[in-house]
Amino acid sequence: MPVARPETSDSRVIAHVDMDCFYVQVEQRKNPELRGLPTAVVQYNSWQGGGLIAVSYEARKYGVKRSMRGAESKQVCPQIQLVQVPVARGKADLNSYRNAGSEVVSILSGKGRCERASIDEVYLDLTDAAETMLAEAPPEILEAIEEEALKSHVLGLDNEEGSEAKENVRKWLCKTNADRRDKLLACGALIVAELRLLVLKETEFTCSAGIAHNKMLAKLASGMNKPAQQTVVPLSSVKGLLESLPIKKMKQLGGKLGSSLQTDLGVNTVGDLLQFSEEKLQQRYGINTGTWLWNIARGISGEEVEGRLLPKSHGSGKTFPGPQALKTISSVQHWLNELCEDLSERLQLDLDENKRIAHTLVLHANAYKASDSDSQKKFPSKSCPLRYGAAKIQEDALNLFQAALREYLGLFTAKIQGSQNNQWGITSLSVSASKIVPIPSGTASIMKYFHGHQPSSSTKQSQDNFIEESAPPPPSGNENYLELNVDKPQIELPCEETTIKYAVPSLHQLEDKNNLLNDQNPCSSLKNQAQDEFMRESLPLPTSGSEHFSGVNESQLMKNSCGEDPSVKLAMPGFRRLEQKRKTVKNKGTSSILRFFKNQDPSSAPKKLEHVENTEDAKTLLSVGPQSRSDSSLDHNQSELPKAGPFEEPGTSSAPSSSQYEQRRGVWSFNTDEIDPSVIDELPPEIQQEVRAWLRPHKRQNVAKRGSSIADYFLPTSL
DNA sequence: ACGGATGAAACC
DNA sequence: TGGTTTCAT
């Protein structure tokens, strides 16, 4: 059996792509008259001109900075154009930016594994693409190197006097006797240049990028030359780069940890870290952080680019600063209702477009309490199983809030004073949905694969665990959840081992998400313990117990549950639609980003990209390699882009025979420990990622020492 | 008691 | 776990 050799991080090709002042660009695309002008995006114009959350590079020249007030920015830059963030339900509405970010992700995910790091940042693992290019069309044989690639910044590349910078870059990119890893980076640079061009042509957004051998260095590099430029970090430049880099510039070291490094250890640059042994760092900062620090000092970062195009959670919140603090339950209820509506809408979209379901509802708040001894006590967060439908989320959120408020106030009696402010005020509220998992799709293939595998042992304890987890205890002091748990029928599944459980849906049940959400058949749809829980919570309430609020509107509930409002669907394009759009766009592959803007009349209406002259576009260069780009896209990011399959294309799938039906709807269980890892490689590619996610090793606990296993970390290489 | 809204992740 | 804290943009 082959020993898994940890691949040295040095031979990967990783890119970090960072949109330039993204919110500003979104607004400038919406209103092209703003292009080229000093512009900032501001929210809540009411107070001091609102707070800036994005500033164009033209405005930055005047010293305008994020977190400035609108009025403040006018003082240093009187001509500045301030654009307000859209407002919906009384709060800032960031949906247009989220959607714009999705546009970008859908383009960038076309090449290699892609991780959505934030609304405007993406990591790409371009190793495979770069390897392929190196093997089939290395830069040295290309007579014409993409203009945009020639404008790359290559760290450590000495600019010889008298010769053009681009000429130097060309030489570096095409150097025949270069280290193989440098050649891979060169290929990465070419690919990224093309991708950035593609993004620009399809979205009108510029971005900056860093290309390096790991995420940390790529992220560092992407911020070094902005806007609309890219930076390459060859292996040989790493030591010099980190040596003088202020410690606080490193991601994750911009806060307290970075300050501690400076104050407690006298570390001012990343290079200063080199003198400390790993043990020393671990002793002071813990096993994980210590090792991490020791590694980053050497430019080592083994973090993988996760193939994840969608957010792991959704949240909606609002602050109520100072005098606006909420002082009555009913005002809290009002705002919770707004936030929950917003959240519910986004959850429904996620379900419709991405076939994902969230399982946990979390409420956060901040509060002040005048005059008490422990008035600085934090307002506790509370969570509960998430039930779909705006009305239910609202109801649950309010219950969570009341439970938290009781705890905060130190009250353990049943009632909270209705509208009397007992010196408390809520200064912020937020609701969020987490534990989002894909609806079982492709599950049948997994089942088929594991068909015949029988659990080798039976553990009573694990069964007990499962039952217990299916009926989580209610938030403390909350009667409603007691009621739910008592009154609702418990779902018991005849399982022996419970590491992973599947209840496989029938086709017709998945065809209609009404069935999915409201189905009363315990054996239908939904995989694993958490989803069973979800289903249980989605069952209609037996009778009362939830009638606290007269505002609950049943039709509204149904509308949200069913998500049939077409306007909502149009508001947020799904990836599939974007993918289609992308394929229809053809552009010239040779124009540089600067040329793009030079030719663009700022005062004219936004240019329709589809009208750009057609030629063989940038994709030509990108799609080197045996497989088509759509193939590679799906392979790398399958878990995020719901691929059309038997469960999602009911029209194309025939009804299963009754025997198949019985087979598929059966409940399965198996222990992940019993899965032979080598067998995963033989799974269909689109299944592999899902299975690997179950088996992925967790981060070391603060007990095991580094070195207990050589596979635990990357050995330092030739840095 | 305005750096807001929103995420991710480590920690305990 | 769930809840808290940190960090980032």
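Residue numbers begin at 1 in each chain, while the letters A, B, ... track the order of the sequences. Just so we're clear, the structure is a prediction, and the values are computed from it rather than from any experiment.
Residues from residues 247-261 of chain A placing a heavy atom under 4.0 Å of any atom in DNA chain B do not occur.
Under 4.0 angstrom from either OP1 or OP2 of dT6(B) there lies no side-chain N or O belonging to S118(A). Applying the 4.0 Å criterion to OP1 and OP2 of dT9(C), one finds that K219(A) has a side-chain N or O inside that range. Residue S381(A) places none of its side-chain N or O atoms closer than 4.0 Å to OP1 or OP2 of dG2(C). An OP1 or OP2 oxygen of dA5(B) is reached within less than 4.0 angstrom by a side-chain nitrogen or oxygen of Y44(A). Using a 4.0 Å cut-off, no side-chain N or O of R98(A) falls inside it from OP1 or OP2 of dA5(B). Residue K382(A) places none of its side-chain N or O atoms closer than 4.0 Å to OP1 or OP2 of dT1(C).
When distances run from any side-chain atom of T289(A) to the nucleotides dA10(B), dC2(B), dG3(B), the shortest one goes to dA10(B). Across dA1(B), dA5(B), dT4(C), the shortest atom-to-atom separation from the side chain of H364(A) is found for dT4(C).
At the heavy-atom level, K65(A) lies nowhere under 4.0 Å from the strands shown. If you check every strand for non-hydrogen atoms under 4.0 Å, S316(A) touches sugar and phosphate atoms only.
Nucleotide dG3(B) holds its C1' atom 7 Å from the CZ atom of R69(A), rounded to whole Å.
Annotation: ring-ring contact (aromatic ring centres under 6.0 Å, His included) contacts of F320(A) (sequence neighbours excluded): W335(A).
The two atoms that bring R60(A) and V55(A) nearest to each other are NE-O, 3.0 Å, heavy atoms only.
Distance noted for atom C1' between dT9(C) and dA1(B): 23 Å (whole Å).
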